[in-house]
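Side chains are part of it too, since the values below use all heavy atoms of this structure and drop only hydrogens, waters and symmetry mates. So that the names make sense, note that chain A is the first sequence line, chain B the second, and so on, each numbered from 1.
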Number of protein chains: 2
Amino acid sequence: MHNAKNVAANIFETRPLYLQVHGRLLGFLTDATWKPGQMIPNEIELARDFGVSVGTMRKALQTLTDQGLLVRRQGRGTFVAQAQALDAAPLDNVRNARDEPLQWQLQSSQLDAAVATDHELSALELSEGERVFRLQRVLRNSATTSTMLEHCVLPEKRFAGLDSDSEAHKLPVGQLGRRYGILVGPGAEHVEMHIADTREAALLDVTRGDALLKLVRIARSLDGVPVEFRVAFCNLRMGSTYLNRIR
Amino acid sequence: MHNAKNVAANIFETRPLYLQVHGRLLGFLTDATWKPGQMIPNEIELARDFGVSVGTMRKALQTLTDQGLLVRRQGRGTFVAQAQALDAAPLDNVRNARDEPLQWQLQSSQLDAAVATDHELSALELSEGERVFRLQRVLRNSATTSTMLEHCVLPEKRFAGLDSDSEAHKLPVGQLGRRYGILVGPGAEHVEMHIADTREAALLDVTRGDALLKLVRIARSLDGVPVEFRVAFCNLRMGSTYLNRIR
DNA sequence: AAGTGGTCTAGACCACGGA
DNA sequence: CCGTGGTCTAGACCACTTA
């Protein structure tokens, strides 16, 4: 029978067994051996395959579940999570006066592909000359009359064929991520103040010189590679707020 | 020997054992049987006292650790966390261009006690006629020249004697929480836009009509009772941003 | 050396969901 | 009914801290 010490005693790998297992399982997710929505083998079988006890395998699986990468259902099985929405923020974090997420209607949308600018290259950690898709859309919530101008930059190699998909530019970015099988890891969004210029004022139905919330985010896939660079300008109306969950 | 089934079979309490234990331990924290910084009994002893296995006790302790309420150190013991800073946000979430928290200098500070207004009553869930402390301070970060106007409202019953402590109004609110043994649970902060009026402009060194970030927060203790109602106005300068951690 | 939390195992039983 | 994940136990050994 396998023994924990036989594995852990490897001088090249002294991390706890469950972390080593976690890393191997994570590999199955990042290289798409296991695809979103798919059911994976049960914990007994996995434990046997990896030569660890069920308890250790459970701990590795639980860690992945805590990270939102797996979903476990008693009586059913363990499933790969659907790709986390690329736009969990900022869209979900804009709330109405009752602290409910707003329902956004797509007002306009525009997609083009081009060689990345220096700024985009550095944000997305691309090499000189790599191409990106730029997706610009205006969203509106009729209940509060809040509006948002989104400017997303996506690496072409991750979203190959995006421009030939006629539906693509109409979809919320979150569904795009799902369609391209991209799993997004934890990250951060930075909030700034911004004064609307003439163009933004026209698109967002505000007056030039009005104050907007500027939301900047670089989303990274599980392995830390940037998959989306987004800047959004938001006009909060009628008690709408931007939510920051603490802890 | 105690047996899990003997306990869990109680028809009035069918939750998992480790959750029941978690609740009991949480009680020791909320009623200050265990005080911040104090070392608590080791897991073997606790397991024996509660009549559960060490594994179950570990799971309960781990849950409290995940919540930030206990700190466990291999070889040393398990300790009650210092009261979480009441001002973990917004102060820690304001970052400079290198994404480091700003160092704030207290510019001015003013403390008074009064009967709560209706608005304060409802925010802090107090009864008619209850009294509150109001703590207003202006903070400044010299490196970025960012400024913040903080307006904190604290229930008098939770901070008894605050006004007779001559040092109190100079301390950051986080240290106040620690001094009064208040453990803060998870929460949320809402970000809004705000246009500076004359008074705010003078205090924050901006021009009347300038846009400010308005940060609104109700902090609650572990049992969900509000312990702080804060509204802060922030002037972000020289690349400073307000950080929202995702997931 | 003694005491602490951290890891790992092996196996039992329970609760849930679907055939 | 069977297979799944969820809970619980008992005990071993390891790694770290302090005296």
Residues 30-40 of chain A vs salt bridge (Lys or Arg N to Asp or Glu O under 4.0 Å), sequence neighbours excluded, gives none
Distance, rounded to the nearest Å, where [X] contributes [atom1] and [N] contributes [atom2]:
{"X": "Met57(B)", "N": "dG5(C)", "atom1": "CE", "atom2": "P", "result": "11 Å"}
{"X": "Leu19(B)", "N": "dG6(D)", "atom1": "CG", "atom2": "C1'", "result": "11 Å"}
{"X": "His22(A)", "N": "dC8(C)", "atom1": "NE2", "atom2": "P", "result": "14 Å"}

List in chain and number order the residues that pass salt bridge (Lys or Arg N to Asp or Glu O under 4.0 Å) with Glu189(A), two or more places apart in sequence or in another chain; answer none if no residue qualifies. none
Less than 4.5 Å apart, any side-chain heavy atom of Leu91(A) and any of Pro101(A)? no
Considering only distance and modelled atom types, tabulate donor-acceptor pairs under 3.5 Å from the side chains of residues 71-83 of chain B, sequence neighbours left out.
unit_1	atom_1	unit_2	atom_2	d
Arg72(B)	NE	Thr78(B)	OG1	3.0
Arg72(B)	NH2	Glu43(B)	OE1	2.8
Arg72(B)	NH2	Thr78(B)	OG1	3.4

What are the residues of residues 69-80 of chain A, sorted by number, that bring a heavy atom to within less than 4.0 Å of DNA chain D? Arg72(A), Arg73(A), Gln74(A), Gly75(A), Arg76(A), Gly77(A), Thr78(A)
Listed in order of residue number, which residues of residues 32-45 of chain B have a non-hydrogen atom at under 4.0 Å from DNA chain D? none
Which residues pass the ring-ring contact (aromatic ring centres under 6.0 Å, His included) test with Tyr18(A), not counting sequence neighbours? none
Take the angle between the ring planes of Tyr180(A) and Phe159(A) and call it parallel below 30°, perpendicular above 60°, tilted in between. tilted
N/O (side chain, Lys59(B)) to phosphate O (OP1/OP2, dT7(D)) under 4.0 Å: yes
